[in-house]
Each structure stands twice: as C-alpha cells, then as structure tokens.
Amino acid sequence: AQSVTQLGSHVSVSEGALVLLRCNYSSSVPPYLFWYVQYPNQGLQLLLKYTSAATLVKGINGFEAEFKKSETSFHLTKPSAHMSDAAEYFCAVSDPGGGSNYKLTFGKGTLLTVNP
Amino acid sequence: DGGITQSPKYLFRKEGQNVTLSCEQNLNHDAMYWYRQDPGQGLRLIYYSQIVNDFQKGDIAEGYSVSREKKESFPLTVTSAQKNPTAFYLCASRRHGQGSDQPQHFGDGTRLSIL
C-alpha cells in the first residue's frame with residue numbers, strides 16, 4: 001500500500017525566505033507524485049506533478065520539487081516566499097500501474113504561514 | 001470555462017436528516033471522486049466512480065451513498081447513519097484511461113455542519 005508523510009504540519013517563514021515543505025512516500029514502485037495547494041474554504045489546486053519525465057519539476061507560482069528515489073522524497077521548494085503563498089499544501093501519490101483505479105493517497109497537509 | 005461546481009457552499013443538517021451534496025463537472029471527465037477533509041487529517045476518499053452507473057467505496061464509505069446516472073453529475077448523500085458528518089467535502093474529477101499521471105481537478109467544496 002502506498003503512503004505519504006508530510007513532515008511538519010505547520011511551517012512558518014518570513015517573506016522573502018526560502019520555502020521548504022517536505023514529503024516522503026512509501027511505494028513498491030516509483031510512483032507518480034503531486035503537490036496541491038489549498039487556500040481557505042477552497043478546493044485543491046494542482047501546483048506540479050512528477051511523472052518520471054524529469055526529476056526536477058517546475059510548477060506554478062514559482063514552486064518546484066525534486067524527486068529523489070534514493071530518499072523516497074519529493075520536497076517542495078520556492079526560493080522566495082510571498083505573502084500570497086500562505087495556504088495549506090498537500091502531497092499526493094498515485095500508483096503508475098493504475099492499481100487501485102488511479103486513486104490518490106494524500107498526506108495530512110502542511111500549513112504554510114508567511115510573516116511580513 | 002470548464003470546471004467542477006459544488007453546491008451549496010454551506011449546508012446545515014438536523015439530527016436524523018439526510019442531505020445531498022451536488023457535484024457537477026463540464027470537463028468531460030469519466031472519473032469522479034468524493035473526499036472528506038477534517039483538520040489535520042488530509043483528504044479521505046469516500047466514494048469514486050470510473051464510469052456512469054458504476055461506483056466503488058473508498059476508505060470511509062459508511063454513512064454515505066452516491067449515484068452516477070450522468071457523466072457530468074456525482075451527488076453525495078450524507079445519511080443519518082453518519083454520526084459525525086461535520087466536515088468539508090470535496091468533489092474531484094479526472095480523465096480516465098489516460099494513465100495515473102493525470103491529476104485530479106477539484107471543486108471548491110461544501111462545508112457541512114450539524115444544527
């Protein structure tokens with residue numbers, strides 16, 4: 001069974017500082033991985049996805065993530081935080097073989113706070 | 001613009017009452033999903049449907065029911081058997097048969113509370 005662990009339920013950074021949100025996965029095969037962002041009282045919006053084409057993936061709003069198979073990690077980064085980045089971020093994994101009918105398994109989320 | 005519409009945005013349920021949450025999509029997606037979100041618990045899958053007239057239980061289906069009579073619509077009923085229904089409910093859809101690298105697209109959610 002797949003699982004996702006997001007280290008740190010709450011991360012606080014200063015505006016302009018580096019954002020690093022951690023995600024580790026457990027899967028019997030290299031999975032497909034996704035990062036979503038959720039603003040208060042809204043749905044989830046896709047930030048980026050890893051589908052084995054390239055290990056460094058660039059997404060929207062200046063975010064990127066690097067797939068590291070040896071570390072089973074897919075951490076999300078942004079060089080300089082903006083106030084508008086304050087939101088909750090979710091990492092999710094999907095079985096590339098289509099097992100479980102393409103269901104996503106989500107981490108529990110990391111709330112990012114950006115201080116002025 | 002294509003997207004997923006969930007209604008209502010806020011819903012209140014009395015004890016012993018069934019309520020139905022609406023989810024409509026115009027993305028021509030085959031697969032649709034319902035999630036429940038509670039603070040600090042991430043998203044948990046309630047039901048999903050790959051094609052019309054077919055659906056499967058997710059991880060927390062007890063106390064919920066769904067139907068999939070049309071490709072565009074996947075309503076969720078929260079029955080009186082669901083003893084703790086207060087949560088944020090999210091509907092999602094994705095292209096089916098395109099590989100599991102296709103992301104799910106989400107609606108803006110319905111917040112259900114008990115009166």
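So you know, we letter chains A, B, ... as the sequences are listed, proteins then strands, and number each from 1.
- For B:Leu90, the part lying near chain A is the side chain, with the backbone staying farther off; criterion is any non-hydrogen pair under 4.5 Å.
- Remark: the A:Glu88 side chain and the A:Tyr36 side chain contain no N/O donor-acceptor pair separated by less than 3.5 Å.
- Options A:Leu111, A:Asn41, A:Thr105 differ in how many heavy-atom pairs under 4.5 Å they form with chain B, and the most are formed by A:Asn41.
- Judged by a 6.0 Å distance limit and a 45° cone about the ring axis, A:Lys49 is not positioned over the six-membered ring of A:Phe34.
- Of the two parts of A:Gln45, neither the backbone nor the side chain holds a non-hydrogen atom closer than 4.5 Å to a non-hydrogen atom of chain B.
- At most 12 non-hydrogen atoms from other residues, nucleotides or ligands lie less than 6.0 angstrom from NZ of A:Lys108.
- Ion pairing between a basic and an acidic side chain is recognised when a charged N comes within 4.0 Å of a carboxylate O; B:Asp30 and B:Arg95 show no such pairing.
- Aromatic ring pairs are classed by plane angle as parallel below 30°, tilted from 30° to 60° and perpendicular above 60°; the pair B:Phe106 and B:Tyr35 is tilted.
- With a threshold of 4.5 angstrom between heavy atoms, A:Leu44 approaches chain B through its backbone and through its side chain.
- The side-chain heavy atoms of B:Leu112 and B:Tyr89, taken from C-beta on, include a pair separated by under 4.5 Å.
- Within the 3.5 Å criterion, the main-chain N or O of B:His29 finds a donor-acceptor partner in the side chain of B:Gln25.
- Residues of residues 6-15 of chain B that come within less than 4.5 angstrom of chain A, heavy atom to heavy atom, are B:Lys9, B:Tyr10 in numerical order.
- For A:Arg22, the CZ atom sits in a loose shell: 12 or fewer heavy atoms of surrounding residues, nucleotides or ligands are nearer than 6.0 Å.
- Ranking A:Ala92, A:Gly107, A:Gly43, A:Gly109 against chain B, the residue ahead of the rest is A:Gly43, based on heavy-atom pairs under 4.5 Å.
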